[in-house]
Structures are given as structure tokens and as C-alpha cells.
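One structure is given below, encoded as C-alpha cells.
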Amino acid sequence: MSDVFADLVGQDEAVVELRRAAAAAAAVLRAGAADRAPALITAGPASGAEFAGPAGGAEFAGPAGGAEFAEVDGGAAVDGVDPAAGMTHAWIFTGPPGSGRSVAARAFAAALQCVHGTGCGECPGCRTTMGGTHADVRLVVPEGLSIGVGEMRALVLRAASTPSGGRWQVVVIEDADRLTEAAGNALLKAIEEPPPRTVFLLCAPSTHPDDISVTIRSRCRVVPLRQPPADAVAEVLVRRDGIAPDVAQWAAAAAQGHVGRARRLARDPEARKRREAVLAVPRRLTGVGAAFDAASALIEAAEAEAEASVTEADTTERAALETALGAGGTGRGAAGAMRGAAGQLKELEKRQKSRATRAQRDALDRALVDLAGFYRDALTMALRAPVAPVHTDTAALAGAGAQKWDAEGSLRRLEAVLACRAAIEANVKPRIAVEAMMLALWKG
Ligand SMILES: [Zn+2]
């Protein structure tokens with residue numbers, strides 16, 4: 001009943017476009033199959049080639065029979081699919097965090113692997129893709145702050161192989177804005193001369209040159225996603241996660257359109273506690289000392305949250321590597337093996353440190369988004385704008401702030417939070433950026 005696009009909340013236009021493209025892609029495969037084995041499909045004039053000896057056979061088995069996208073039009077016409085909505089080799093899904101960029105990319109990947117070509121959600125192609133086990137779908141989820149050239153080259157190489165399931169090789173790159181320049185160039189080469197059955201799905205916040213290089217952008221079709229409305233987010237929390245409607249409504253508003261965050265707030269008491277601590281910040285800013293204390297508290301809370309999220313994975317990985325390297329061995333050669341192993345352990349530690357840094361940044365950014373929501377509430381109240389508050393539970397406090405600061409003071413504070421986010425994004429040391437923000441919030 002619910003297909004692979006069901007969880008893509010509030011993105012009706014994008015879903016229509018992706019369904020069309022999936023249908024066109026399926027038509028390409030059918031056209032390709034018909035070209036390669038005409039005798040199997042119909043006994044028309046083409047079947048004469050069957051008797052024309054090896055030369056004729058080779059003609060159909062050759063590259064000309066491959067499913068090039070140039071055939072989209074022909075295949076599409078046969079199936080009554082709009083040729084203009086045809087398939088493309090490279091896509092970029094853009095939108096604010098939580099809008100569902102990676103959800104959209106995965107759903108589209110599933111629709112491409114779907115045996116019905118629709119993303120039915122039921123067939124093995126859909127299920128294995130959504131479960132992350134499809135042999136022809138590679139998912140790149142950067143754990144550190146960037147995606148390196150080595151990783152990208154290996155990926156491009158594997159993506160060029162023939163799909164084992166007979167449909168498409170799909171490469172999903174989450175956070176494509178984290179590609180290093182060299183990695184971007186490696187990817188660009190693959191996108192410029194794509195193997196006939198390979199599809200690249202990139203996710204990035206926007207198509208701004210800071211996020212994605214102009215040359216990559218120019219080779220991709222862009223699917224813009226928007227911040228889903230709170231009602232749509234609440235609806236999916238109720239339907240899919242079985243969350244009570246009033247809790248879902250509150251969480252959807254508090255998460256400001258971020259679906260994953262809304263689900264966490266609705267389900268995880270720790271996440272709710274951390275949010276409450278962040279929203280207590282405006283009340284606590286009573287002086288310079290208090291501002292610095294608040295900055296420390298915010299940074300330390302982000303560190304603690306990040307540590308909780310990566311510690312388990314770190315321990316498991318280290319244990320697995322040590323087992324693979326034969327740690328604890330006492331036989332001849334064990335000491336030498338351990339010396340070589342030290343290099344691999346160091347490499348693992350480096351990767352884990354990079355992942356921890358990323359987790360800290362993400363946790364801090366979530367806190368800043370919550371804080372921005374509070375000052376946005378104060379601003380809309382000062383302006384008497386007819387919009388619902390982001391944080392219903394601190395609306396009274398925001399109202400008091402609105403009276404005290406007026407619209408101008410509320411706006412300055414909101415801008416201080418946004419400036420802090422931008423500074424951290426631009427690699428300013430988080431503690432320095434947060435301290436500057438707290439002082440600005442206190443002074444106004
Ligand atoms: Zn399916």
C-alpha cells in the first residue's frame with residue numbers, strides 16, 4: 001500500500017518528477033532488452049538476423065544494443081511516458097537539513113531497482129535498496145568533515161561495473177557538499193563520461209558553489225526539496241511511528257520541519273531534556289560571567305551528546321580491527337604483526353576522531369537551531385505576525401522577551417545566533433563563536 005516515496009514528507013512535486021523519471025528509466029531498460037534480444041520478444045523482420053550467422057548476432061550483442069539514454073525518447077514513446085521527463089545520469093537533491101534529501105535519493109534508488117519500475121515498496125529490488133543491502137546501490141555517508149579523493153576514486157571504479165541485478169548501478173552520495181576538491185574532480189570525470197547503466201544521486205543543502213562545484217552542478221538535474229510543513233511532519237509521525245497526535249504536533253513544530261529531529265524529540269526523553277536546557281539559555285544571560293558560563297554549558301552539552309552517539313561504534317570498530325589483526329596472539333611473528341597493525345589502528349583512530357568532530361558540530365548546530373527558533377518567536381510576537389510559535393512551551397518567555405527587546409532587539413539576537421552558525425560553518429573555533437554569540441545575546 002505504501003510505496004518507497006511514502007516517507008518523503010510534504011514534497012509532492014519532487015515525488016511526481018521522480019516517479020516519472022523512474023518510469024522512463026524502466027522504459028530504457030525495456031528498450032535495451034528488446035534491442036539485445038529481438039528474437040525473444042517478437043518474430044518480426046529482425047529475427048532474420050538470427051540466421052545471418054555470428055556477425056548478425058554480434059551486432060545485437062554489441063554496444064549499440066546498450067541502454068543509452070539517447071533511447072529514452074524511443075522507449076518512452078512506446079510506453080506513453082512524457083519523453084521530456086526522461087531519465088538522467090546525475091541528480092542533485094537539495095533542501096534544508098531534515099527536508100529529506102537522503103530519503104528522496106534512497107527512494108529514487110529503490111524505484112530504479114524496482115522490478116515494476118515504480119518503487120512499489122514490496123518487491124526484492126525495493127526492499128533490499130531500502131534496507132541498504134542491494135548489491136548495485138552504493139551509499140556514501142561521510143563520517144568525517146569531508147569525503148576524500150581515495151574513497152571517491154574507489155567508488156567511481158566500482159560504479160562503472162555492470163549492474164549484477166541487470167538494472168542500474170546507483171551511487172548515492174549524502175552530503176556531497178563535503179567532497180574535497182580532488183574528490184569532486186574524480187566524481188566529475190565519472191559524471192562527464194558516465195557508464196551507460198550508472199546513476200549518481202547527490203545530496204547537498206543547495207546548488208550554491210560553496211556546496212557543489214559549478215561544473216558538477218551543470219551536469220546534474222536538480223530536485224529542490226522544501227522545508228516540509230509542520231502538519232505534514234506530524235502526520236507522518238502519527239502514521240508511521242505510532243506517536244500520539246498531540247505529541248507529534250508539538251514535536252513537528254519544535255523541530256522546525258526537520259523530520260528526523262521531530263521523531264527524536266517525540267521519542268527520546270534525553271533529546272527533550274537537551275532541548276529544554278538550550279531553551280533555558282535566554283533566561284540565564286544575566287551578565288558577562290553568566291554569558292561565558294552559558295557558552296561553556298552549550299559546548300559541553302554538545303560534546304557529551306556527540307560522545308554518547310559515537311562511543312559505541314568506536315569500541316566495536318576497534319575490537320573488530322584488533323581481532324582481524326590477531327591481537328593477543330603469542331605465536332612466532334605475532335610481535336611483528338602487531339607493529340604493522342599499529343599503523344592500521346592509528347588510521348582507525350584518525351577516522352574516529354574526524355567522526356567525533358562531525359558529531360559535535362552536528363549536535364551544536366541542532367542546539368543553535370533551537371535557540372534561533374526562540375528568538376524568531378520573540379521577533380514574530382514583537383511584530384504581531386499571525387504565525388504559530390516554533391516552541392509552544394517557551395512561548396510565554398518569548399512573549400516577555402518581545403516586550404523587553406521589541407522587534408529590533410529580537411532581530412539582533414536572532415541574527416547573532418545565525419552569525420554563530422555561519423562562523424562555525426566557516427571553521428571558526430566553536431567555543432569562540434559561541435562565546436561571542438552569548439555576549440551578543442546578553443547585550444542585545
Ligand atoms: Zn518494487
Side-chain angles (χ1 to χ4, degrees), residues 4 7-8 90-113 126-159 168-184 186-187 190-191 198-206 211-212 216 220 223 225 258-261 263-264 305-318 320-321 347-366 425:
V4 294
D7 288 346
L8 198 50
W91 298 70
I92 302 179
F93 297 85
T94 63
S99 57
R101 299 180 303 234
S102 59
V103 177
R106 282 182 214 215
F108 186 43
L112 291 175
Q113 305 295 11
C126 284
R127 283 216 306 269
T128 53
T129 304
M130 295 307 270
T133 57
H134 196 294
D136 297 331
V137 179
R138 320 231 165 279
L139 192 63
V140 185
V141 186
E143 294 188 325
L145 291 172
S146 63
I147 305 175
V149 64
E151 192 180 348
M152 187 50 62
R153 283 208 186 110
L155 187 80
V156 164
L157 204 63
R158 288 184 68 181
W168 306 97
Q169 278 286 3
V170 184
V171 179
V172 180
I173 304 175
E174 289 190 10
D175 299 321
D177 52 310
R178 293 177 199 263
L179 290 169
T180 61
E181 197 183 340
L187 174 65
I191 293 181
T198 304
V199 181
F200 291 93
L201 308 178
L202 281 53
C203 307
S206 75
D211 286 337
I212 207 92
I216 291 181
C220 294
V223 181
L225 303 175
H258 192 304
V259 184
R261 172 104 176 114
R263 188 180 308 122
R264 251 195 318 278
E305 184 185 344
E307 199 179 313
S309 74
V310 299
T311 301
E312 201 186 318
D314 282 1
T315 315
T316 317
E317 278 172 4
R318 194 181 168 97
L321 182 60
E347 187 59 36
L348 177 69
E349 276 164 14
K350 204 174 112 193
R351 229 173 39 238
Q352 291 182 338
K353 185 153 183 270
S354 167
R355 176 167 66 194
T357 307
R358 161 101 196 260
Q360 274 175 31
R361 294 254 182 115
D362 288 351
L364 186 56
D365 197 58
R366 276 194 292 278
E425 185 66 38

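No experiment lies behind these values; they were computed from the predicted model shown.
Scanning both residues, Val103 and Asp7, for their nearest heavy atoms gives CG1-O, 4.0 Å. Across Gly100 and Leu8, no two heavy atoms sit closer than the pair O-CD1, 3.5 Å. Across every non-hydrogen atom of Arg158 and Gln169, the tightest pair is O-NE2, 4.1 Å.
Contact annotation: the side chain of Leu202 approaches that of Ile216 to within less than 4.5 Å [non-hydrogen atoms, C-beta and beyond]. Leu201 places a side-chain heavy atom less than 4.5 Å from the side chain of Phe93. Between Glu425 and Arg361, every side-chain heavy-atom pair lies at or beyond the 4.5 Å cut-off. Within the 4.5 Å cutoff, side-chain heavy atoms of Arg153 are placed close to those of Val149. A heavy-atom distance below 4.5 Å is not found between the side chains of Val4 and Thr129.
Residues in residues 101-113 take part in these side chain to side chain donor-acceptor pair (under 3.5 Å) pairs, two or more places apart or across chains: Arg106-Glu174.
Rounded to the nearest 0.5 Å, atoms OG (Ser146) and CD (Glu151) are 9.0 Å apart. In this structure, CG in Asp136 is found 11.0 Å from CG in Leu112, a value given to the nearest 0.5 Å. The structure places CG of Asp211 at 9.5 Å from OG1 of Thr94, a figure rounded to the nearest 0.5 Å.
When Ile173, Asp177, Thr180, Val141 are each tested for a side chain to side chain contact (heavy atoms under 4.5 Å, CB included) with Ile147, only one passes: Ile173.
When atom types are taken as modelled, the side chain of Thr198 and the backbone of Ala159 share a donor-acceptor pair closer than 3.5 angstrom. Judged purely by atom type and a 3.5 angstrom limit, Gln360 has no side-chain atom pairing as donor or acceptor with the backbone of Ala306.
A salt bridge links Arg318 and Glu349; the closest N-O separation between the charged side-chain nitrogens and carboxylate oxygens is under 4.0 Å.
By the salt bridge (charged side-chain N to carboxylate O under 4.0 Å, His left out) test, Arg366 is found to be paired with Glu305, residues two or more places apart in sequence or in another chain being considered.
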